[in-house]
There are 2 protein chains.
Amino acid sequence: MPGSPPSLDRQQLGAYLALMEVSSILRHEVEQHLRAEGDLSYVQWQILASLEDSASGSHRMTDLADGVVYSRSGLTYQAGLLEKRGLISRSPSPADERSIDVTITDAGRALFARVLPGHIEVVSSLLFEPLSRNDVQALTGLLTPVRDHMRATPPRSASPRRRKRTRAGDTAS
Amino acid sequence: MPGSPPSLDRQQLGAYLALMEVSSILRHEVEQHLRAEGDLSYVQWQILASLEDSASGSHRMTDLADGVVYSRSGLTYQAGLLEKRGLISRSPSPADERSIDVTITDAGRALFARVLPGHIEVVSSLLFEPLSRNDVQALTGLLTPVRDHMRATPPRSASPRRRKRTRAGDTAS
DNA sequence: TATTGTTATACTCTATAACTATA
DNA sequence: TATAGTTATAGAGTATAACAATA
């Protein structure tokens with residue numbers, strides 16, 4: 001029997017490696033398609049999808065940052081590219097002058113609509129072809145708790161600026 | 001009601017998004033740890049793991065390329081970094097003078113051993129904590145066929161040089 | 001003082017094409 | 001002619017820290 005302190009059993013190792021390989025290939029193929037079809041990075045696609053999905057077609061930069069990218073400057077960079085192409089627009093939020101409201105434009109919606117079918121096709125043919133409806137349901141059932149756990153796990157990212165809650169007693173003064 | 005041709009049902013969309021988020025976070029955290037603990041990129045880690053895992057501690061560059069990286073020059077780059085640090089060594093293969101045998105060094109094994117516990121810890125706490133033994137088995141059962149399917153799917157990568165089999169009748173002459 | 005967002009900068013990684021050498 | 005690997009190069013993405021402005 002192997003050591004107990006730090007180890008993954010055979011099943012866990014298999015699951016981990018399968019997950020990494022599956023997600024790497026899928027991500028790679030998806031990115032390839034997005035680039036070829038719409039000249040979009042995956043982050044740009046997530047931004048458009050997030051905006052398209054929202055009722056107002058708008059989000060604050062901070063809202064986009066949570067759940068899209070790991071650094072704020074990265075989001076600024078990607079949003080800048082989208083704005084340059086006229087796919088989104090940015091304007092100061094009326095409510096809070098510090099915030100920027102990001103809104104998807106008609107051109108953005110049009111591009112999203114144009115790319116979406118191919119995107120779905122890639123995902124369907126690569127990920128879902130070998131899975132039955134029950135399989136998909138089971139997969140969701142397994143991954144959802146994991147996602148929730150990961151979201152809840154505190155140190156998630158190391159430094160996208162102090163994360164919400166203020167740690168008391170940090171600076172004495 | 002929207003069109004029917006290309007679409008993912010709610011279950012599929014959920015599974016897809018959960019998979020992407022889970023794998024993104026996991027990969028990000030793993031990379032963070034590898035960098036902090038061993039100054040290694042994920043690809044470098046895969047190379048070391050692959051060599052450590054092999055009986056001889058060696059692999060040809062081509063063998064490493066299949067299943068590790070998407071372009072050959074990328075592998076050369078990463079292997080070059082490892083060699084510079086003395087973690088692997090490269091020498092022409094006796095059997096085929098075109099090939100390079102990559103071998104993990106003692107220093108490479110030592111570093112791998114030093115980083116592994118923390119690596120496992122990250123994976124365990126992030127991915128496996130919310131999963132029972134049965135869950136893990138189920139997850140493997142779902143992802144393995146997907147992985148096999150993806151490996152078999154032809155166009156997988158767009159251009160890491162002509163992939164094995166030669167397409168007849170390409171150049172006339 | 002904390003939060004929102006941008007900018008400047010440096011660095012890592014990746015991919016393409018051209019190139020060498022062996023089979 | 002095909003395969004193994006490297007090199008040069010160019011570009012994309014990311015993160016850090018410093019910065020400005022509003023709350």
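Below, read A as the first sequence line, B as the second, and so on, with proteins coming before strands; counting in each chain starts at 1.
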The side chain of B/R72 is closest to which nucleotide in this list: D/dG5, C/dT6, D/dA15? D/dG5
Atom-to-atom span, OH of B/Y42 to P of C/dT14 - whole angstrom: 12 Å
Respond yes when some side-chain nitrogen or oxygen of A/H59 is under 4.0 Å from OP1 or OP2 of C/dT4, and no when none is. no
Check salt bridge (Lys or Arg N to Asp or Glu O under 4.0 Å) between A/D148 and all other residues, then give those that pass, not counting sequence neighbours. none
Pairs touching residues 124-134 of chain A that satisfy side-chain hydrogen bond (donor to acceptor under 3.5 Å, both in side chains), sequence neighbours left out: A/S132-A/D135, A/R133-B/D9
Interatomic distance, A/L82 CG vs D/dG13 P [rounded to whole Å]: 10 Å
Rounding to an integer number of Å, can you tell me how far B/D101 CG sits from D/dT6 P? 12 Å
Filter on side-chain hydrogen bond (donor to acceptor under 3.5 Å, both in side chains), then keep only pairs touching residues 104-116 of chain B, sequence neighbours left out; what's left? B/E52-B/R109
Holding to ring-ring contact (aromatic ring centres under 6.0 Å, His included), I want the full list of residues that pass it with A/F128, two or more places apart in sequence or in another chain. none
Can you check the B/D66 CG to D/dA4 C1' distance for me, whole Å? 12 Å
Between the side chain of B/T144 and the main-chain N/O of B/G141, is any donor-acceptor distance below 3.5 Å? no
In this structure, how many angstroms lie between the P atom of D/dA12 and the CG atom of A/L34, rounded? 16 Å
As a test of reading the structure: which of D/dT14, D/dT7, C/dC13 is closest to the side chain of B/L81, going by heavy atoms? C/dC13
Could you go over nucleotides 21-23 of chain D and give all protein N or O partners under 3.5 Å, atom names and distances?
{"residue": "D/dA23", "atom": "OP1", "partner": "A/E97", "partner atom": "N", "Å": "3.0"}
{"residue": "D/dA23", "atom": "O4'", "partner": "A/R98", "partner atom": "NE", "Å": "3.4"}
{"residue": "D/dA23", "atom": "O4'", "partner": "A/R98", "partner atom": "NH1", "Å": "3.4"}

Here the distance between atom P of D/dG13 and atom CD of A/Q44, to the nearest Å, is 6 Å
Categorize A/T76 for me: base, sugar-phosphate, or nothing, with a 4.0 angstrom heavy-atom threshold over every strand shown. base
d(CG, B/L64; C1', D/dA4) in whole Å: 13 Å
Residues in salt bridge (Lys or Arg N to Asp or Glu O under 4.0 Å) with B/E31, at least two apart? B/R27
Run the salt bridge (Lys or Arg N to Asp or Glu O under 4.0 Å) test against A/R90 and tell me which residues pass, sequence neighbours left out. A/E83
Atom pairs, protein N/O to nucleotides 8-12 of chain C N/O, distance under 3.5 Å:
none

Partners passing salt bridge (Lys or Arg N to Asp or Glu O under 4.0 Å) against B/D96 (at least two apart in sequence or in another chain): B/R98
Just by modelled atom types, is the B/Q46 backbone N or O under 3.5 Å from a matching donor or acceptor in the B/S50 side chain? no
Pick the closest DNA chain D nucleotide for A/G74 and for B/A79 by heavy atoms, then say which residue is nearer the 5' end. B/A79
May I have the distance from B/R90 (atom CZ) to D/dA4 (atom P), rounded to whole angstrom? 16 Å
